[in-house]
Amino acid sequence: MVLNNPYQTYQKQAVTTSKPEDLTLMLYQGLVKFIRLSKKSLENKNMEESHGYNLRAQDILSELMITLKKGYTVSDPLLTMYDYMKSRLIEANLNKNSAILEEVEGFALELSETWSTAMKQIKTKS
């Protein structure tokens, strides 16, 4: 008999019951988290672990690119930004470069904070 990890069960439930805007925030927060973990692993000379976290961050960017709704003024610039961030993560992974990870982390933090602020403003207006 396989027992479920309560934390994994909670996470899965949170994802399946969240609104799209909450899921986007979760993706941004996960992106920041995995970039930081990749950077920390790189600093600790654990290249394999850094690689794995970097790939998770790239996967999140791929998901953001795939789920981005077209037709909004901000859609094309966001897609360009996601693409740039993903290419920089690939470069950081290939060259084991923490400065590039730092750069992408800054963009990811800004996106996360901006999205969070926008969600709060919308909720206070409704």
Side-chain angles (χ1 to χ4, degrees):
M1 182 166 120
V2 177
L3 296 176
N4 286 336
N5 176 329
Y7 180 70
Q8 288 176 333
T9 303
Y10 169 79
Q11 276 189 315
K12 185 175 182 179
Q13 185 71 17
V15 167
T16 56
T17 60
S18 293
K19 297 179 213 168
E21 58 270 18
D22 293 329
L23 290 174
T24 300
L25 182 59
M26 287 180 199
L27 287 171
Y28 284 144
Q29 291 169 338
L31 179 60
V32 171
K33 172 185 157 186
F34 289 119
I35 292 169
R36 287 180 174 167
L37 288 169
S38 180
K39 193 170 59 172
K40 184 172 176 71
S41 298
L42 193 59
E43 290 165 3
N44 293 331
K45 308 283 189 240
N46 189 336
M47 302 307 163
E48 187 175 331
E49 190 176 80
S50 176
H51 171 76
Y53 290 133
N54 188 303
L55 290 179
R56 298 277 304 267
Q58 289 179 47
D59 288 344
I60 289 171
L61 284 167
S62 293
E63 183 67 21
L64 287 165
M65 292 167 84
I66 291 167
T67 58
L68 184 63
K69 291 186 179 178
K70 308 286 189 241
Y72 294 98
T73 315
V74 73
S75 298
D76 288 339
L78 267 178
L79 186 59
T80 300
M81 184 64 171
Y82 295 156
D83 188 51
Y84 174 77
M85 291 168 68
K86 187 172 178 182
S87 69
R88 292 296 281 164
L89 284 176
I90 293 167
E91 185 178 347
N93 206 13
L94 290 172
N95 298 315
K96 307 304 178 208
N97 187 319
S98 62
I100 296 173
L101 289 173
E102 190 82 30
E103 172 196 356
V104 179
E105 178 186 358
F107 294 137
L109 268 172
E110 189 173 331
L111 287 166
S112 179
E113 290 167 2
T114 301
W115 190 261
S116 179
T117 301
M119 285 177 49
K120 287 175 189 169
Q121 288 176 352
I122 289 170
K123 286 179 183 177
T124 58
K125 289 181 181 180
S126 37

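Between L109 and R36 there is a side-chain heavy-atom pair separated by less than 4.5 Å. L61 places a side-chain heavy atom less than 4.5 Å from the side chain of L64. The closest side-chain heavy-atom distance from M119 to D22 is below 4.5 Å. Between L31 and I35 there is a side-chain heavy-atom pair separated by less than 4.5 Å. Annotation: side chain of T124 is not in contact with side chain of K120 (no heavy-atom distance under 4.5 Å). Looking only at side-chain heavy atoms (C-beta outward), L94 and I90 come within less than 4.5 Å of each other. Within the 4.5 Å cutoff, no side-chain heavy atoms of N54 are placed close to those of L42. Contact of the R88 side chain with the M85 side chain is not registered, since no non-hydrogen atoms from C-beta on lie closer than 4.5 Å.
No side-chain donor from either of K96 and S50 sits under 3.5 Å from a side-chain acceptor of the other.
Follow the hydrophobic side-chain contacts under 4.5 Å out from M47 and you never reach L55; the two are in separate clusters. Linking Ile, Leu, Val, Met, Phe, Trp and Tyr whenever their side-chain heavy atoms come within less than 4.5 Å puts M81 and V74 in one cluster. There is a path of hydrophobic side-chain contacts, each under 4.5 Å, that joins L25 to V104. Neither M65 nor M26 shares a network with the other; the hydrophobic side chains, linked directly or stepwise wherever heavy atoms of I, L, V, M, F, W or Y lie under 4.5 Å apart, form separate groups for each. Linking ILVMFWY side-chain heavy atoms closer than 4.5 Å, directly or via other members, places L23 and W115 in two distinct hydrophobic clusters.
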Practice task
Take L111 and E113, measure what side-chain contact (heavy atoms from CB on, under 4.5 Å) needs, and give me the verdict at the end.
Solution key: CA-CA 6 Å; L111 287 166; E113 290 167 2; over 6 Å; no
Exercise for the section: Report the C-alpha separation of K86 and Y82 in whole Å, then their side-chain angles, then the decisive distance to 0.1 Å, and conclude whether the side-chain contact (heavy atoms from CB on, under 4.5 Å) test is met. Expected result: CA-CA 6 Å; K86 187 172 178 182; Y82 295 156; over 6 Å; no
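S112 OG to Q29 CD: the interatomic distance, rounded to the nearest 0.5 Å, is 5.0 Å. Expressed to the nearest 0.5 Å, how far CD1 of I100 lies from OG of S38 amounts to 11.0 Å. Between the CG atom in D83 and the CG atom in L78 there is a gap of 12.0 Å [rounded to 0.5 Å]. Interatomic distance, E21 CD to K123 NZ, rounded to the nearest 0.5 Å: 7.0 Å. For the atom pair OG1 (T24) and CG (L68), the distance works out to 9.0 Å, reported to the nearest 0.5 Å. In this structure, CG on D59 lies 10.5 Å from CG on L89, to the nearest 0.5 angstrom.
Within 6.0 Å of atom CD in E110, 12 or fewer heavy atoms from other residues, nucleotides or ligands are found, so the atom counts as exposed in its surroundings. In this structure, K69 places its NZ atom where only 12 or fewer heavy-atom neighbours from other residues, nucleotides or ligands lie under 6.0 Å away.
Between E43 and K40 no salt bridge is recorded (no basic side-chain N to carboxylate O distance below 4.0 Å).
Using cut-offs of 30° and 60° on the angle between ring planes, the pair Y53 and F34 is parallel.
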